[in-house]
Amino acid sequence: MACVFALHVSAVNSQTVHSELARFRPIEVWRPAHETNFGKRYAKDIYGRPAQNEPIVVLHETVVSAASTIRFFQTPHYNEADQASYHDLITRNGTVVHFVSRKNRAFGAGNSVFRGPNGPEAVKTHRIYPASVNNFAYHISLETPADGNHNGNHHSGYTQAQYRSLAWLVTQSKIPANRVTTHKGVDRSGSRKDPRSFNQRTFNSLFNRFSQLNQTKTVSLPPATFAGPELSD
C-alpha cells in the first residue's frame with residue numbers, strides 16, 4: 001500500500017511540474033544597449049563570401065552584478081576595443097534583461113570559433129579583428145553569484161530560477177541542443193572560463209522538458225510580462 005501511495009504522489013508531483021512549466025514565462029525587461037555596443041549581422045564576410053551559418057547559442061556569465069553589466073552596455077564606447085554586449089542576461093531571480101534584438105549582432109565573443117558537426121565555423125566581419133561567431137550567435141549571460149566576482153575556476157553556481165529562464169529562452173529560440181555552447185567552448189584565446197560552475201545536467205533536464213512542451217503545445221503561454229524593477233548591486 002505504501003508503495004502504491006508513493007507512486008501516486010510521484011505522479012501528482014510530475015503533473016504539477018509539467019503544468020507549471022507549461023505556463024511558465026519569465027519576467028522580461030528591456031534595457032537597450034548603446035548603439036556603439038552592437039551592430040548589424042552581415043550577409044557576407046569581408047571577402048565577399050556568403051555568411052549563411054545556422055545560429056548558435058553562446059552561454060556566458062557576468063562576473064559582476066547585473067546592474068553593473070547594464071550600466072556598462074548602456075555606456076557609449078567609441079573605442080572599438082571596449083565595445084561589448086550580450087543579447088540577453090538572466091538575473092539571479094530569473095528575470096530576463098534584453099539588451100540587443102536577436103536580429104542584430106551582439107559583441108559577445110571576439111576571436112572565437114564554433115566547432116560542430118559542420119566543422120569549424122567563424123565569420124570575419126572586421127579587417128583588423130579576428131573572425132568570430134558573433135555574426136551567427138545568440139549570446140545569453142547568467143548573472144554571477146556574489147562569491148564569483150573573481151578570476152577563479154568555480155563559485156557557488158546559479159539559481160534554479162536562472163536555469164528555468166535559460167532553458168525557456170533557448171527552447172523559444174528553436175536552436176537545437178547540438179548548437180548550444182559556452183564562451184569557454186568557442187574562445188580561441190584560452191582566457192575565457194564562463195559560465196563557471198554551470199550544471200549541465202540541470203539545464204539539459206529543463207531544456208528537454210520545455211522542448212517536449214513546445215512540441216505538444218497543449219497549454220498556451222500567457223502574454224509576456226514586461227516590468228521595470230530596479231536592478232541594484
- Message: Is there a side chain to side chain contact (heavy atoms under 4.5 Å, CB included) between Ile70 and Phe99? Walk through the geometry before answering.
- Response: CA-CA 8 Å; Ile70 292 168; Phe99 295 113; 3.7 Å; yes

- Item | Any donor-acceptor pair under 3.5 Å from Ser165 side chain to Ala161 backbone | yes

- Go through the structure and list residues passing side chain to side chain contact (heavy atoms under 4.5 Å, CB included) with Lys193, not counting sequence neighbours. Asn153, Arg196

- So which heavy atom on Asp45 is nearest to which on Ala51, and how close? N-CB, 4.3 Å

- Is the backbone of Ala167 close enough, under 3.5 Å, to the side chain of Arg209 for a donor and an acceptor to pair up by distance? no

- Phe198-Tyr163 aromatic ring centre distance below 6.0 Å: yes

- Message: Holding to salt bridge (charged side-chain N to carboxylate O under 4.0 Å, His left out), I want the full list of residues that pass it with Asp82, two or more places apart in sequence or in another chain.
- Response: none

- His77 and Phe72 aromatic centres sub-6.0 Å: yes

- Are Glu143 and Thr69 close enough, and set up right, to give a side chain to side chain contact (heavy atoms under 4.5 Å, CB included), and what steps lead you there? CA-CA 9 Å; Glu143 181 181 13; Thr69 303; over 6 Å; no

- Minimum side-chain heavy-atom gap Val57-Thr181 below 4.5 Å: no

- Query: Who are the salt bridge (charged side-chain N to carboxylate O under 4.0 Å, His left out) partners of Arg179, not counting sequence neighbours?
  - Reply: Glu121

- Item | Under the side chain to side chain contact (heavy atoms under 4.5 Å, CB included) test, residues paired with Thr171 that sit two or more places apart | Phe207, Phe210, Ser211, Asn214

- Determine whether Tyr86 and Val186 fall in the same hydrophobic cluster, where Ile, Leu, Val, Met, Phe, Trp and Tyr are linked whenever their side-chain heavy atoms lie under 4.5 Å apart. no

- Query: Checking His87 side chain against Asn104 main chain: does a donor-acceptor pair fall under 3.5 Å?
  - Reply: yes

- Item | Atom pair NZ/CZ of Lys103 and Arg105 - distance to nearest 0.5 Å | 14.5 Å

- Query: Under the side chain to side chain contact (heavy atoms under 4.5 Å, CB included) test, which residues partner Ala81, sequence neighbours left out?
  - Reply: Asn79, Tyr129

- Message: If the condition is side chain to side chain donor-acceptor pair (under 3.5 Å), which residues does Arg188 pass it with, not counting sequence neighbours?
- Response: Asn111

- Query: So is Arg31 actually on top of Phe73's ring, under 6.0 Å and inside 45° of the axis?
  - Reply: no

- Query: Does the pair Ser65 and Ser68 meet the rule for a side-chain hydrogen bond (donor to acceptor under 3.5 Å, both in side chains), with working shown?
  - Reply: CA-CA 5 Å; Ser65 70; Ser68 295; 3.0 Å; yes

- With sequence neighbours excluded, tell me which residues meet side chain to side chain donor-acceptor pair (under 3.5 Å) with Asp147. Ser156

- When Ile, Leu, Val, Met, Phe, Trp and Tyr are grouped by side-chain heavy atoms lying under 4.5 Å apart, directly or through other members, which residues fall in the same group as Val113? none

Side-chain donor-acceptor pairs of residues 134-142 under 3.5 Å, sequence neighbours excluded:
| unit_1 | atom_1 | unit_2 | atom_2 | d |
| --- | --- | --- | --- | --- |
| Asn134 | OD1 | Gly108 | N | 3.4 |
| Asn134 | OD1 | Ala109 | N | 3.0 |
| Asn134 | OD1 | His139 | NE2 | 2.8 |
| Asn135 | OD1 | Tyr42 | N | 2.8 |
| Asn135 | ND2 | Tyr42 | O | 2.9 |
| Tyr138 | OH | Asp88 | OD2 | 2.5 |
| His139 | ND1 | His60 | NE2 | 2.8 |
| Ser141 | OG | Thr62 | N | 3.4 |

- Message: I'd like to check the side chain to side chain donor-acceptor pair (under 3.5 Å) partners of Glu80; sequence neighbours left out, ordered by chain and number.
- Response: His126

- Query: Less than 4.5 Å apart, any side-chain heavy atom of Phe114 and any of Pro120?
  - Reply: no

- side chain to side chain donor-acceptor pair (under 3.5 Å) with Thr125: which residues, sequence neighbours excluded? none

- Query: Would you say Asp187's side chain and Ser191's backbone share a donor-acceptor pair under 3.5 angstrom?
  - Reply: yes

- If only atom types and distance count, is the side chain of Ser85 paired as donor or acceptor with the main-chain N or O of Phe107 below 3.5 Å? yes

- Using the test side chain to side chain contact (heavy atoms under 4.5 Å, CB included), find all partners of Asn178 that sit at least two apart in sequence or belong to another chain. Pro117, Pro176

- Task: Using atom types as modelled and distance alone, determine if a side-chain donor or acceptor of Glu28 lies under 3.5 Å from a backbone N or O of Val96.
- Result: no

- Query: Side chain of Gln162, backbone of Ile90: donor and acceptor closer than 3.5 Å?
  - Reply: yes

- Task: Say whether, by atom type as modelled, one donor and one acceptor occur between the side chain of Asn37 and the main chain of Thr75 under 3.5 angstrom.
- Result: yes

